[in-house]
Amino acid sequence: MTRTTPPAPTPDRAAPIARHGMLRTSRGASAVVRVIAMAAAVLLVATVSVTAITAARLAGNVETVALPGEDAAAPVVGLGAFEGGFDMLIVGSDECVDTGGCPDRTEKLNDFTMLLHVADDQQSAVAVTFPRDLIVPIPPCPREDGSGTYNAMSAQQINVTLTYGGLPCTALTVTALTGVEIPYGAIMTFEGVRQISSAIGGVDVCIDAPIFDPFSGLDLPTAGLHSVEGEQALQFLRTRHGIGDGSDTGRIGAQQSFLSSMMRKIKSEETLTDFTKVFSLADAASRNMTVSENLKNVNTLAAMALVFRDIPLENITFVKYPAAPGIDNPSRVFPITSSADALFERIAAGLPVGLDSGAVGVVEPPSPETPADPESPGSPEDPSTPAAPDTEEPTPDASASPSPDPSPSGGSPTDPATDPEDVPIAGATGQTAAQETCAKANG
């Protein structure tokens, strides 16, 4: 834009009054600009200071442990974007942190074990949950005090790995099972679950029928939507007898429903634009986590978390590791090897994971937009018979088959490079973060 310079006043113009007026206006404008600039500077300094204090405080909260798959020479991630994809092991520990002890548990076991994979293009993520009762080989694990290793075991539940060597043992076991090297890992305590769910203002969960579980203490007296936080959120995640068929594999469906809802809440503007919530969330996590050495830098944690900001909810998939009950011991589950191989081959290739719709751990809530049909039983017009989203009986869980290697309906878990992308993988049940589902109550 070309500026036009006003002509200089000539001696015969009555300019003094106008000039003085112009000068006073200019000074007033300059004063306003200076005040705005000063306020902006103060705000900038305050923001930087708060960020620095927050980072220092969070860094001071974090406890660390070295993982076998870590690269000690890996460069520290600076404040900014995380490059490429990553694999992270997330373990929930039932270790007692209550003052005075916990009469119901004396060991430290995995309450849940999850492997999170973010694709190289950062456009999708898959979180694979391993059932607590999954029988797997456990390799030799280093003792936490450095005095040698625990002996290898050919067949043990995966949830004892925290007892035999802590997070490194769980990482070694998952790597041996999946072939995925794990450079990042974290352990979250029960107290962390309580505080995180409260920090974001609760998590909305849906159930298809009332749940009362005296073992976990969960009491949700009505079907439908409930906001849970603190102790009640922990009860929901831990309930087994109140969910599905009362097994640990049934509980995974409810956990996936919870995690999907929590992901939607965290990615919402309601949370991301609330500094208090963001800080409380980070503070609660850092105070109740033990992380691998590669995650001790807060910038790395922040950069990895920010990756999820740009991943569409429909591209974040929660899936159960394919497993089936044993013939001789139905209370324990065993890997469906071909299905598990197909699952991790697809993940490694960046292909969509075809979920097995045969097992119903969660159900779709009834749509309020369903058109009314007065002559149809179960119509929204007929209050005596509430509508159901699907009148067919759910197909039995693929993992309930005594066969060690069942095939999914409509296809087999063969080479993912030649499979259609929508062919389901037997026993790989779950949902995306975009799906709003209801946990299936037991009975």
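In this chain, residues are counted from 1 in sequence order.
Within the 3.5 Å criterion, the main-chain N or O of Phe112 finds no donor-acceptor partner in the side chain of Arg132. With hydrogens and angles disregarded, a donor-acceptor distance shorter than 3.5 Å links the side chain of Asn288 to the backbone of Ala284. Arg264 places a side-chain N or O within donor-acceptor distance of the main-chain N or O of Gln435, the cut-off being under 3.5 Å. In this structure, Lys320 contributes its side chain and Pro131 its backbone to no donor-acceptor pair below 3.5 Å.
Sorted by first and then second residue, the side chain to side chain donor-acceptor pair (under 3.5 Å) pairs involving residues 164-178 (not counting sequence neighbours) are Asn110-Thr170, Thr161-Thr170. Counting only residues at least two apart or on different chains, the ring pair (Phe, Tyr, Trp, His ring centres under 6.0 Å) pairs with a member in residues 300-321 are Phe130-Tyr321.
Donor-acceptor pairing under 3.5 Å is lacking for the side chains of Asp356 and Thr429. For the 3.5 Å distance criterion, the side chains of Gln157 and Asp133 qualify, holding a donor opposite an acceptor. For the 3.5 Å distance criterion, the side chains of Asn294 and Ser292 fail to qualify, holding no donor opposite an acceptor. Ser93 and Thr189 form no side-chain donor-acceptor contact under 3.5 Å, judged by distance and modelled atom types alone. Side-chain N/O atoms of Asp213 and Ser216 include a donor and acceptor closer than 3.5 Å.
Atoms CD and OG1, on Gln431 and Thr437 in that order, are 3.5 Å from each other to the nearest 0.5 Å. We find the CG-CG distance between Leu167 and Leu162 to be 7.0 Å, quoted to the nearest 0.5 Å. Separation of atoms NZ (Lys265) and CG (Asp204) is listed at 6.0 Å; rounding is to 0.5 Å. Between the CD atom of Glu144 and the OG1 atom of Thr163 there is a distance of 9.0 Å, given to the nearest 0.5 Å. For the atom pair Ile138 CD1 and Asn151 CG, the distance stands at 11.5 Å (nearest 0.5 Å).
Listed by chain and residue number, nothing satisfies the side chain to side chain donor-acceptor pair (under 3.5 Å) test with Gln122 (two or more places apart in sequence, or in another chain). Partners of Lys277 under the side chain to side chain donor-acceptor pair (under 3.5 Å) rule, at least two apart in sequence or in another chain, are Glu270. Checked against salt bridge (Lys or Arg N to Asp or Glu O under 4.0 Å), Glu293 has the following partners two or more places apart in sequence or in another chain: Lys296. With sequence neighbours left out, Ser197 forms a side chain to side chain donor-acceptor pair (under 3.5 Å) with no residue at all.
Taking the centre and axis of the six-membered ring of Tyr150, the NZ or CZ atom of Arg143 falls inside the cone set by 45° and 6.0 Å.
In Gln123, the CD atom is crowded: over 12 heavy atoms of neighbouring residues, nucleotides or ligands sit closer than 6.0 Å. By the neighbour-count criterion of 12 heavy atoms within 6.0 Å, atom CG of Asp121 is densely surrounded, having more than that number from other residues, nucleotides or ligands.
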